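What follows is a set of notes on a single structure, which appears directly below.
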Amino acid sequence: MVRVRYAPSPTGTLHIGGGRTALFNYLFARRYDGRLILRIEDTDETRKIPGSEEAMMRGLRSLGIVWDEGPDTPDAGFGPYRVSERLARHREAADRLLAEHKAYRCFCTPEELAEERKARQAQGLPPRYSGRCRSLSEDQVRARVGERSVVRLKVPGDGETVVHDLIRGDVRFGNRIFDDFVIMKPDYTPVYNFAVAIDDHDMKITHVIRGEEHLPNTPKQMFVMEALRMEPPQFAHLPMILAPDRSKVSKRHGATSVEEYRDQGIILPALANYLLLLGWSPPDGREILTVDEAAQEFSLERVQRTGAIYDQKKLEWMSHQYMTRLAVETIAEMVKPFIDYGLDTGPDFVDVVALSRERAYTLTQLAEQMRFFFEPPDRYEAKGVNKHFNPGTAARLRLLAERLLDLKTWDHDSLTGLYDQSAESLGVKRAELIHPTRLAVSGRTVGPGLFDVLELLGRDAVTERLRAAADRIESGQVVMAE
Ligand code: GLU
């Protein structure tokens with residue numbers, strides 16, 4: 001039975017890297033009918049941020065990720081699912097390693113260690129603990145009980161450790177690069193590399209799927225497991241996420257947290273779709289696929305080794321694809337939280353969404369582009385005013401308003417006909433009527449097809465807005481917007 005885990009440290013919100021890791025674990029679990037475990041890795045008290053656990057869970061849910069076991073589910077026999085609540089188990093394992101002389105107490109003070117590091121540096125050697133306390137006798141240790149100490153694991157000084165990575169193949173580490181690293185801190189609580197090895201074993205994790213930045217930790221976790229006579233799980237390290245210039249992704253490349261994207265109005269299923277392509281692709285190479293669809297086809301064999309490029313523009317493109325492909329009622333529900341104007345007067349909401357969504361990439365944009373259907377414009381785009389509101393415009397807008405009041409049937413075709421005839425009788429190009437009309441009714445220079453807009457807005461609103469614009473032009477009181 002496949003059991004995988006996503007193990008965030010509660011130090012903030014879910015960022016795209018974590019979201020991608022969680023997603024790949026979820027896809028893998030679903031593909032092989034396994035289980036996904038959410039484990040909160042709160043080993044570092046000092047970095048814990050209140051509310052972060054909830055924020056992580058919200059972020060995961062908004063990507064459509066469902067976990068089978070976690071801090072908020074009934075214990076399936078593998079809990080607790082917060083690492084801080086597993087302390088007794090970690091202490092018991094450390095006790096055992098001490099008793100078996102596979103680990104030892106180290107009394108070196110931070111000052112002594114700093115000195116040692118400096119001395120090595122001066123010789124051009126990498127920092128590495130000398131192993132000074134390894135040789136303390138039991139009596140010496142007993143005599144110092146009560147003094148500040150840590151526990152270190154005895155690491156083999158030679159040979160090599162091979163990580164059989166399911167994505168990268170065999171990755172070899174010379175054991176000489178590792179020193180006897182700390183497994184228990186002075187307060188006798190575990191460090192990450194110790195707790196994670198025990199927890200993965202105890203939770204019967206079969207595959208550890210995580211970011212490449214953890215690859216150097218893997219041999220250390222294997223040392224721990226070996227010392228505790230535990231069978232290691234399989235490992236798969238996902239490629240780094242890089243910016244288009246191949247640098248490390250950071251804030252300046254756009255938002256980096258899932259909740260920030262939600263707040264910006266990126267369509268969440270599109271974000272999930274985008275993230276699942278960061279390092280993986282389905283066999284047929286298609287780009288638009290939901291989490292459910294990806295779960296049918298996911299495999300680690302198709303995960304690439306090279307860095308995955310994260311591109312905000314591509315994400316927005318993806319959001320646009322979902323904007324136009326999802327059911328219009330679904331988009332209507334999604335856009336509601338972004339609307340800060342009343343919907344009581346105006347056309348049918350879903351009709352407005354249907355007409356407006358073609359031009360929107362995010363829900364924020366969509367909400368803004370729909371505004372004029374529900375609120376008459378009180379200002380007009382500056383570049384439109386300069387181009388389309390001329391001395392002669394007011395009279396033309398009034399004439400159009402009059403003719404529109406007399407129009408027999410209020411639909412797209414009749415409106416088109418009316419504008420054609422008016423252009424002819426006034427001896428102007430149709431565009432010379434269309435542009436000022438669009439600006440007068442919407443305050444904008446671009447938008448959906450004008451006759452669709454007019455049809456949906458309705459006769460009263462259209463004629464009122466044409467006259468209001470004419471009044472403002474004549475009285476020189478046109479307020480311009482950006
Ligand atoms: N708590 C670690 C992190 O947030 C996860 C490490 C792991 O997956 O083993 O990066």
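The basis for the numbers below is simple: all heavy atoms, side chains too, and nothing from hydrogens, waters or symmetry mates. Every value quoted in this text rests on a predicted model; they were computed, and no experiment measured them. Note that ligands are numbered from 1 as they come in the structure, with each ligand's atoms numbered from 1 the same way.
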(request) Applying ring-ring contact (aromatic ring centres under 6.0 Å, His included), run through F24 and H207 and close with a yes or a no. (result) CA-CA 12 Å; F24 280 33; H207 299 76; over 10 Å; no

(request) For atom CD of E226, decide whether the heavy atoms of other residues, nucleotides or ligands shown that lie under 6.0 angstrom number more than 12. (result) no

(message) For atom 8 (O) of ligand 1, tell me which residue out of M56, R5, E41, H214 has the closest non-hydrogen atom.
(response) R5

(message) In terms of relative ring orientation, are F349 and F374 parallel, tilted or perpendicular, with 30° and 60° separating the classes?
(response) tilted

(request) Provide, to 0.1 Å, the distance between atom 5 (C) of ligand 1 and the closest protein heavy atom, together with that atom's residue and name. (result) A7 O, 3.1 Å

(message) Is there a polar contact, in the sense of an N or O pair closer than 3.5 Å, between V196 and ligand 1?
(response) no

(request) Could you tell me whether E297 and R286 make a salt bridge, using a distance below 4.0 angstrom between a side-chain N and a carboxylate O? (result) yes

(request) Number the atoms of ligand 1 from 1 as they appear, then name those within less than 4.0 Å of a heavy atom of Y192, with their elements. (result) 6 (C), 7 (C), 9 (O)

(request) Could you tell me which atoms of ligand 1, counted from 1 in the order shown, lie closer than 4.0 angstrom to a heavy atom of R210? (result) 7 (C), 8 (O), 9 (O)

(request) Kindly check if the number of other-residue, nucleotide or ligand heavy atoms within 6.0 Å of CD (E115) is above 12? (result) no

